[in-house]
Engineer: 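What follows is a single structure, and I will ask about it in a moment.
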Amino acid sequence: MGTPGPFVSVDGLATIEEESLKILQENTHSGGLSRLHTVEWSGARYYFKKYNATTPHPSPTTLKTLVRLRERNAEAPGAYPVGQVRSGRQFTGVVLPIAPACYFSGIHPRVLSHDDVGGLTSARKLGVLGALLESFLVVHGTGLCVGDVKAQNILTSAQEQPHTKLVYLVDCDSFVPPKGITAVTQAMHPDYDPERDSHSIEASWALDFYCWAVLCERVLTWVWDKEPDRWLDSGLEGLPGVRSSDLDFLRQCKSLGTGELDRNQAQELAHRWASPSPSPSSKPSPQSTVYPAPIRTPVKAPQPPPQPPPPPAPKPPSPRTTIRSVSRPLEWRWLAWMVLMIEA
């Protein structure tokens with residue numbers, strides 16, 4: 001991240017003059033680092049995130065990575081930049097897509113808060129958290145950190161949608177490489193110092209995992225305690241769908257980098273939590289509790305080919321008719337005639 005400076009064009013992002021944006025609503029959201037306006041651009045509605053004069057902005061290298069993430073939006077849905085905005089030769093902000101309607105309740109976005117997800121079933125909460133971890137792993141795979149992880153930057157789907165993930169990341173232009181400078185709220189960092197600038201925290205994948213574990217705590221138990229293990233005994237232990245190995249992984253996340261995190265274990269946990277649970281009546285095999293077992297269609301044993309019907313039984317042969325059998329009566333008549341002639 002750097003302070004706003006000369007505009008540098010990035011492949012995959014439209015170059016937009018700030019004066020060409022039609023503002024539909026000013027200050028849709030304002031923070032300490034930027035202002036968010038609803039605008040019309042290219043015939044559609046977008047957000048224009050305008051950076052303040054001293055706001056850190058994404059470097060060209062980071063923007064290129066965000067373009068790649070936008071191309072993988074189905075794996076990690078988020079508000080990735082679609083255009084760079086400039087005023088003269090200065091880079092002033094980015095144009096971001098508005099989240100799909102399924103992530104809103106009316107006009108209000110559904111964030112990862114108690115009001116929006118507190119009434120969900122435990123299975124659905126695990127699904128949301130698993131989908132969130134899947135998205136984090138996709139972002140980490142590109143070499144970036146999420147950084148400013150907080151409930152307001154994570155939207156949840158209001159209802160199950162085909163081909164739609166349960167979470168949608170916002171503020172994606174604030175993703176930074178490891179050791180980059182990011183913002184973090186007090187509740188999301190164990191060593192937060194209110195006297196220190198909250199926007200000068202060093203980003204890391206370990207910090208992302210820590211923040212994810214804190215969100216697990218809040219979503220699943222809605223308690224807060226900075227002791228790494230105490231909250232794990234306040235409602236998460238024995239929760240359906242949560243294994244003892246999951247608790248161990250969460251403890252490792254809360255250790256903030258003091259233990260080695262197994263990426264394969266993270267992927268397995270994320271996939272299992274995000275996948276629909278089988279119905280209680282079914283009895284899956286041990287393998288299907290980790291990854292859904294493939295659906296197998298029963299194959300019938302091959303049947304022998306049909307045999308042709310047996311040939312009809314041969315008819316008994318009819319008596320043979322010979323010339324001799326036909327002429328025998330004539331022969332006797334001839335002999336009788338000869339006898340009569342002699343006697344005469």
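These figures come from a predicted structure and were not determined experimentally. Residue numbers start at 1 and run along the sequence shown.
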Engineer: Calculate, to the nearest 0.5 Å, the distance between atoms NE2 and CG belonging to H271 and L133 respectively.
Structural biologist: 12.5 Å
Engineer: By salt bridge (charged side-chain N to carboxylate O under 4.0 Å, His left out), which residues pair with D246, not counting sequence neighbours?
Structural biologist: R272
Engineer: Using the rule side-chain contact (heavy atoms from CB on, under 4.5 Å), only one of L13, V10, D11, T65 pairs with P60; which is it?
Structural biologist: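 Filter result, single survivor: V10.
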Engineer: Within the distance-only criterion (no hydrogens, no angle test), does the side chain of N153 pair as donor or acceptor with the backbone N or O of L169 below 3.5 angstrom?
Structural biologist: no
Engineer: Mind running side chain to side chain contact (heavy atoms under 4.5 Å, CB included) on H37 and N27 for me, showing each step along the way?
Structural biologist: CA-CA 5 Å; H37 307 304; N27 296 325; 3.4 Å; yes
Engineer: Could you label the plane-to-plane angle of the Y168 and Y103 rings as parallel, tilted or perpendicular, counting under 30° as parallel and over 60° as perpendicular?
Structural biologist: tilted
Engineer: What's the spacing between L239 CG and L247 CG if we round to 0.5 Å?
Structural biologist: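 If we round to the nearest 0.5 Å, L239:CG and L247:CG are 9.5 Å apart.
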Engineer: Can you confirm whether L132 sits close enough to L112 that some side-chain heavy atom of one is under 4.5 Å from a side-chain heavy atom of the other?
Structural biologist: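 The answer is yes, as the side chains (C-beta and beyond) meet within the 4.5 Å cut-off.
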Engineer: Kindly compute the distance separating CD1 (I154) from SG (C211), expressed to the nearest 0.5 Å.
Structural biologist: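 Going from the CD1 atom of I154 to the SG atom of C211 covers 9.0 Å.
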Engineer: Applying the 4.5 Å side-chain criterion to the ILVMFWY set and letting contacts propagate, would W205 and L250 be lumped into a single cluster?
Structural biologist: no
Engineer: How many angstroms lie between NZ in K50 and CG in L36, if you round to the nearest 0.5 Å?
Structural biologist: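 One gets 13.0 Å once the value is rounded to the nearest 0.5 Å.
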Engineer: Just to verify, what does S245 make a side chain to side chain contact (heavy atoms under 4.5 Å, CB included) with, not counting sequence neighbours?
Structural biologist: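 With neighbours one apart ignored, the set is R243, Q265.
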Engineer: Indicate if L24 and V95 have the same hydrophobic cluster label, given that clusters are the connected sets of ILVMFWY residues with side-chain heavy-atom separations under 4.5 angstrom.
Structural biologist: no
Engineer: Counting only pairs under 3.5 Å, give me each side-chain donor-acceptor contact of residues 135-145, with atom names and distances, residues two or more places apart or in other chains.
Structural biologist:
unit_1: S135; atom_1: OG; unit_2: A131; atom_2: O; d: 3.3
unit_1: H140; atom_1: NE2; unit_2: D208; atom_2: OD2; d: 2.8
unit_1: T142; atom_1: OG1; unit_2: V139; atom_2: O; d: 2.6

Engineer: Between V146 and F249, is there a shared hydrophobic cluster once you connect ILVMFWY residues whose side-chain heavy atoms come closer than 4.5 Å?
Structural biologist: yes
Engineer: Tell me the closest heavy-atom pair linking P81 and R70, and the distance in Å.
Structural biologist: O-NH1, 2.9 Å
Engineer: Side chains of C253 and Y210, heavy atoms from C-beta outward: is any pair under 4.5 Å?
Structural biologist: no
Engineer: To the nearest 0.5 Å, how far apart are CZ in R110 and OG1 in T156?
Structural biologist: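 Atom-to-atom, R110:CZ and T156:OG1 are 4.5 Å apart.
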Engineer: Linking I/L/V/M/F/W/Y whenever any side-chain heavy atoms sit under 4.5 Å apart, do L215 and F209 land together?
Structural biologist: yes
Engineer: Is the backbone N or O of L129 less than 3.5 Å from a side-chain atom of W212, with the two atoms forming a donor-acceptor pair by type?
Structural biologist: yes
Engineer: Identify, with sequence neighbours excluded, every residue that meets salt bridge (charged side-chain N to carboxylate O under 4.0 Å, His left out) alongside R263.
Structural biologist: none
Engineer: Heavy atoms, side chains only, cut-off 4.5 Å: are T92 and F7 in contact?
Structural biologist: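 T92 does not reach F7 side chain to side chain.
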Engineer: Does Q90 offer a backbone N or O that forms a donor-acceptor pair with the side chain of S87 under 3.5 Å?
Structural biologist: no
Engineer: Has R218 got a side-chain atom pairing as donor or acceptor with A151's backbone, closer than 3.5 angstrom?
Structural biologist: no
Engineer: Listed by chain and number, what are the salt bridge (charged side-chain N to carboxylate O under 4.0 Å, His left out) partners of R86, not counting sequence neighbours?
Structural biologist: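 If we apply the salt bridge (charged side-chain N to carboxylate O under 4.0 Å, His left out) test to R86, skipping adjacent residues, the hits are E17.
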Engineer: What's the shortest heavy-atom distance between Y80 and L66, and which atoms?
Structural biologist: CB-O, 4.0 Å
Engineer: Using 30° and 60° as the class limits, which term best fits the ring planes of H57 and Y51: parallel, tilted or perpendicular?
Structural biologist: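 H57 vs Y51 ring planes: tilted.
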Engineer: Whether the side chain of S105 engages the backbone of H108 through a donor-acceptor N/O pair (distance < 3.5 Å, no angle test) should be reported.
Structural biologist: no
Engineer: Is there a side-chain contact between V176 and T62, using heavy atoms and a 4.5 Å cut-off?
Structural biologist: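 The answer is no, as the side chains (C-beta and beyond) never meet within the 4.5 Å cut-off.
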Engineer: Do V67 and V85 sit in one hydrophobic cluster, given that two such residues count as connected whenever their side-chain heavy atoms are within less than 4.5 Å of each other, even indirectly?
Structural biologist: no
Engineer: Show me the donor-acceptor pairs, under 3.5 Å and distance only, between side chains in residues 39-49 and residues at least two apart or in other chains.
Structural biologist:
unit_1: K49; atom_1: NZ; unit_2: D171; atom_2: OD1; d: 2.3
unit_1: K49; atom_1: NZ; unit_2: D173; atom_2: OD1; d: 3.1
unit_1: K49; atom_1: NZ; unit_2: D173; atom_2: OD2; d: 3.2

Engineer: Which pair of non-hydrogen atoms, one from E134 and one from A274, has the smallest distance, and what is that distance?
Structural biologist: OE1-CB, 3.8 Å
Engineer: So, does K165 use its side chain to make a donor-acceptor pair with the main chain of E75 at under 3.5 Å?
Structural biologist: yes
Engineer: What's the shortest heavy-atom distance between L126 and P240, and which atoms?
Structural biologist: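 Heavy atoms only, the tightest pair is CD1-O, 3.4 Å.
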Engineer: In Å, rounded to the nearest 0.5 Å, how long is the span from CH2 of W273 to CG of L166?
Structural biologist: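 W273 atom CH2 to L166 atom CG measures 13.5 Å (nearest 0.5 Å).
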